[in-house]
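Report on the structure given below.
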Amino acid sequence: MTYYNSIVIHYGEIALKRGKRPYYEKLLKANLEKKLGRKLRRLRGRLVLRLENDDWKTLCEKIQKVFGVVWCAPAIHIKKDIEELERKIIEVLRQENIKSFKISVKRSDKTFPITSIELAENLGRKISNRLNLKVDLENPEKTVYIHITEDGFYLFFDKIAGLGGLPTGSSGKILSLLSGGIDSPVAAWLMMKRGCNVDLLHIHSFLTHDEVMETKIGKIARKLSEYSLGLTLYLASFKPFFLKSFDLPPRMILVSFRAYMIRLADRIARNRGYLGIVTGDSLGQVASQTLENLYAVNAFSQTPIYRPLIGMNKQEIVDLSKKIGTYQLSIEEYRDCCAIIARHPETRADANQLKEIWEKYNLEEAVEETLTNIVEYRI
Ligand code: ATP
Ligand code: MG
């Protein structure tokens with residue numbers, strides 16, 4: 001049975017940003033409307049979706065993934081009539097096999113003459129008597145939420161947690177280096193969470209770009225796209241670098257490859273207005289992720305590099321990737337270009353030495369050549 005005729009959507013942090021509050025609210029509303037293909041109503045401090053023969057669960061699942069939403073709840077909207085409110089609550093609680101409940105009232109419409117506490121106490125007493133249920137404020141089996149808004153009462157029973165964060169598009173666009181590993185999708189997602197429009201760059205060792213879309217890379221990109229309003233995946237071939245790599249000192253190949261990736265990302269970023277580059281590096285996690293190596297590689301980008309996982313443990317990253325839904329994809333088999341080149345990599349690369357190698361073997365040429373054959377997939 002369903003009584004619900006609405007979904008109420010709440011946002012937290014964006015309400016704190018005082019000066020920019022209307023901007024954030026409008027952006028979140030627009031993002032949700034695009035994602036759901038439906039119009040929402042904006043009330044004070046919340047958004048409301050009217051249900052029309054919809055499956056509220058499917059809608060809530062989509063809403064949950066929209067950054068900026070702190071929670072949503074399927075709700076019963078009724079006019080401001082306390083008797084009707086009481087009838088509705090009784091109708092719902094009667095179906096439940098419970099012994100205790102609690103009423104939680106929030107009054108956003110201060111013109112409503114009864115305070116939250118008065119209403120909660122009053123209704124609690126009446127309903128408790130009618131249904132022979134105990135009011136338990138500490139540990140109720142069911143909480144009845146009543147929000148008093150300028151548009152009537154919203155009655156609901158379950159809050160479904162969202163992801164918080166900031167609405168997509170509120171922080172500008174950024175280019176995230178995506179590998180087939182566990183970490184980089186999490187790094188991209190964390191930047192999405194802070195309101196960035198995130199596009200992805202992947203460097204691969206396949207003969208054609210289209211083949212890559214069939215692999216986990218395509219799948220991971222599609223999964224990440226569920227949290228955004230669509231994204232661009234750039235695919236670049238690793239061949240120009242690979243051909244040069246035979247001449248390089250073996251220990252320097254991996255760090256040179258890192259520099260090449262960063263340089264490539266920097267060139268694309270500057271050309272297309274990305275304000276930052278993102279990687280999934282976590283300090284000390286693998287041989288190549290030492291402070292020395294990160295230092296040496298940073299010199300190859302004028303665009304700032306963000307590493308949101310830098311202080312995280314592997315397990316924390318794994319847990320997050322499971323929550324995001326990329327973990328199962330990340331552990332699928334894949335022919336990664338790093339696996340082809342890495343043998344005994346330099347763990348403490350010297351920044352000057354890396355620059356010398358870059359000049360001596362003209363690695364900029366490999367970057368140039370890669371740039372001539374990049375494809376974009378809109379996902
Ligand atoms: P991940 O799990 O993200 O692959 P990792 O611990 O395996 O990370 P590395 O392989 O050292 O780390 O890669 C460090 C970062 O470099 C990755 O997180 C990613 O941002 C970027 N990167 C690595 N390989 C590629 C690639 N083939 N294409 C694009 N970016 C890459
Ligand atoms: Mg990797």
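Positions are given from 1 along the sequence. When a ligand or atom number is given, it counts from 1 through the structure's own listing order.
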- Message: Which of the numbered atoms in ligand 1 are under 4.0 angstrom from any heavy atom belonging to L178?
- Response: 26 (C), 28 (N), 29 (C), 30 (N)

- Note on the structure: Per-atom filter on ligand 1: closer than 4.0 angstrom to a heavy atom of L201 are 29 (C)

- Item | M261 and ligand 1 - part of the residue with a heavy-atom distance under 4.0 Å | side chain

- For L283, which residues count as a side chain to side chain contact (heavy atoms under 4.5 Å, CB included) partner, sequence neighbours excluded? L291, L294, I310

- Donor-acceptor side-chain pairing of D210 and T208 below 3.5 angstrom: no

- Query: R258 near ligand 1, heavy-atom distance under 4.0 Å?
  - Reply: yes

- Axial cation check for F101 ring with K142, 6.0 Å and 45° limits: no

- With ring centroids as reference points, do H202 and Y334 lie under 6.0 angstrom apart? yes

- Query: Which atoms of ligand 1 are found less than 4.0 Å from any heavy atom of S184?
  - Reply: 1 (P), 3 (O), 18 (O), 19 (C), 20 (O)

Show me the donor-acceptor pairs within less than 3.5 Å that the side chains of residues 57-66 make with the rest of the protein, sequence neighbours left out.
residue, atom, partner, partner atom, Å
T58, OG1, D55, OD2, 2.5
Q64, NE2, A161, O, 3.3
K65, NZ, E226, OE1, 2.4

- Shortest heavy-atom approach to atom 26 (C) of ligand 1 - which of I182, I317, I203: I203

- For atom 14 (C) of ligand 1, which candidate among L294, I262, D281 holds the nearest heavy atom? D281

- Task: Check ligand 1 against G181 and write out every atom of the ligand that is under 4.0 Å from a heavy-atom position of the residue.
- Result: 1 (P), 2 (O), 4 (O)

- Check whether any N or O atom of G280, backbone or side chain, sits under 3.5 Å from an N or O atom of ligand 1, and answer yes or no. yes

- Task: Using a strict 4.0 Å cut-off to heavy atoms of T279, name the atoms of ligand 1 that fall inside it.
- Result: 20 (O)

- Item | Candidate list F241, F242, Y361, test ring pair (Phe, Tyr, Trp, His ring centres under 6.0 Å), partner Y260, passing option | F241

- Message: Can you tell me how the ring of Y154 sits relative to the ring of H77, calling it parallel under 30°, perpendicular over 60° and tilted otherwise?
- Response: parallel

